[in-house]
Each structure stands twice: as C-alpha cells, then as structure tokens.
Amino acid sequence: AQQPVKWSSTYVGDDKEGVMTVTATIDDKWHLYSIKEVKDGPYPTTFSSGDAEIVGEVKEGDPIREVDPNFGVEVGYFAKTAVFEAKVKL
C-alpha cells in the first residue's frame with residue numbers, strides 16, 4: 001500500500017501536560033484535507049491521542065482553499081507539509 005504521507009511529532013512539556021506538534025510530509029501529487037469539516041465535502045483529517053487527552057481544539061496551519069471537483073464545494077487542504085498542534089494531558 002502507498003504511504004503518501006509521512007508523520008512525525010514532537011512533545012514539549014512535562015510528565016503531566018504539554019504541547020504535541022504533529023507534522024505531515026506529503027508526497028507530490030497528493031494532499032491532506034483540513035481538520036475542518038465541510039458539508040458535502042471529504043472526511044476531515046482527525047487525530048486520536050492514545051493514552052493522552054487532547055485539551056481544547058487541535059490547531060492547524062492555513063490550508064489551501066479551492067473548489068474540489070470531486071465534491072463541488074470549497075475545501076481546505078495541504079500540499080507538501082501540514083502542521084497540527086494540540087495541548088495534551090498525559
């Protein structure tokens with residue numbers, strides 16, 4: 001199976017809480033949809049945190065916005081790289 005997105009993460013904090021930054025490196029000719037849900041659009045990117053608890057909302061960089069011909073609606077997506085950040089409790 002193809003793996004067009006490579007994931008990496010960093011954590012800054014102590015043994016109770018901190019900030020997790022997740023970076024997606026996206027192959028050429030591929031893209032990754034935003035975490036923001038769009039009515040009648042694609043499934044958004046989602047995150048699970050394993051044993052950690054995500055506190056508040058996951059933040060994302062500024063996605064490219066354009067009408068996706070597959071859905072006929074404006075969607076947000078990332079090309080090449082995407083960075084997401086969340087506060088977490090361990």
Side-chain angles (χ1 to χ4, degrees):
Q2 290 183 340
Q3 297 293 326
V5 180
K6 286 27 168 217
W7 297 94
S8 62
S9 62
T10 59
Y11 174 80
V12 176
D14 56 29
D15 61 350
K16 293 187 175 153
E17 61 185 14
V19 175
M20 178 74 68
T21 301
V22 178
T23 302
T25 303
I26 306 158
D27 288 351
D28 289 342
K29 300 181 183 177
W30 289 85
H31 62 258
L32 180 71
Y33 289 114
S34 168
I35 60 174
K36 307 287 188 223
E37 188 167 358
V38 176
K39 185 178 184 211
D40 298 324
Y43 291 112
T45 297
T46 60
F47 291 91
S48 61
S49 59
D51 292 337
E53 174 189 349
I54 296 174
V55 179
E57 293 185 9
V58 175
K59 297 177 185 175
E60 67 181 0
D62 292 326
I64 298 164
R65 296 202 174 279
E66 63 184 31
V67 174
D68 185 319
N70 297 305
F71 300 99
V73 296
E74 183 179 278
V75 301
Y77 69 90
F78 298 93
K80 300 195 186 288
T81 61
V83 178
F84 304 92
E85 186 177 275
K87 290 182 182 178
V88 294
K89 283 186 180 180
L90 304 178

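Below, each value reflects all heavy atoms present in this structure, side chains not excepted, and no hydrogens, waters or symmetry copies. Note that the structure is predicted; figures quoted are calculated from it, not measured.
In this structure, Trp7 and Phe47 have perpendicular ring planes: the angle between them is above 60°, well past the 30° mark.
Rounded to the nearest 0.5 angstrom, Lys89 NZ and Asp51 CG are separated by 15.5 Å. Note that CD of Glu74 and CG of Asp68 are 11.0 Å apart. Values are rounded to the nearest 0.5 Å. With rounding to the nearest 0.5 Å, the separation of CD in Glu60 from CZ in Phe78 is 4.0 Å. In this structure, the separation between CG on Asp27 and NZ on Lys6 is 4.0 Å, given to the nearest 0.5 Å. Taken from OG1 in Thr10 to CE in Met20, the straight-line distance is 7.5 Å, to the nearest 0.5 Å. Note that CD1 of Ile64 is 11.0 Å distant from CG of Leu32, once rounded to the nearest 0.5 Å.
Residue-environment remark: CD (Glu37) stays at or below the threshold of 12 foreign heavy atoms within 6.0 Å.
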How far apart are the C-alpha atoms of Val73 and Lys39, what are their side-chain angles, what is the distance that settles it, and do they pass the side-chain contact (heavy atoms from CB on, under 4.5 Å) test? CA-CA 8 Å; Val73 296; Lys39 185 178 184 211; over 6 Å; no

Does the side-chain contact (heavy atoms from CB on, under 4.5 Å) test come out yes or no for Lys16 and Leu90, once each step is laid out? CA-CA 5 Å; Lys16 293 187 175 153; Leu90 304 178; 5.9 Å; no

Taking it one step at a time, do Lys80 and Asp28 satisfy side-chain contact (heavy atoms from CB on, under 4.5 Å)? CA-CA 7 Å; Lys80 300 195 186 288; Asp28 289 342; 3.4 Å; yes

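Using a 4.5 Å heavy-atom cutoff, the side chains of Pro44 and Tyr33 are not in contact.
Pro42 approaches Val75 most closely through the heavy-atom pair CD-CG1, 3.5 Å. Minimum interatomic distance between Ser49 and Ile54 (heavy atoms only, all atoms of both residues): CB-CG1, 3.7 Å. Closest of all the heavy-atom pairs between Val67 and Gly72 is CG1-C, 4.0 Å.
Linking Ile, Leu, Val, Met, Phe, Trp and Tyr whenever their side-chain heavy atoms come within less than 4.5 Å puts Val88 and Ile35 in one cluster. Connection of Val58 to Tyr77 is not established within any shared hydrophobic cluster, with ILVMFWY side chains joined at heavy-atom distances below 4.5 Å, either directly or through further cluster members. A continuous path of Ile, Leu, Val, Met, Phe, Trp and Tyr side chains, each step under 4.5 Å between heavy atoms, connects Val5 with Trp30, placing both in one hydrophobic cluster.
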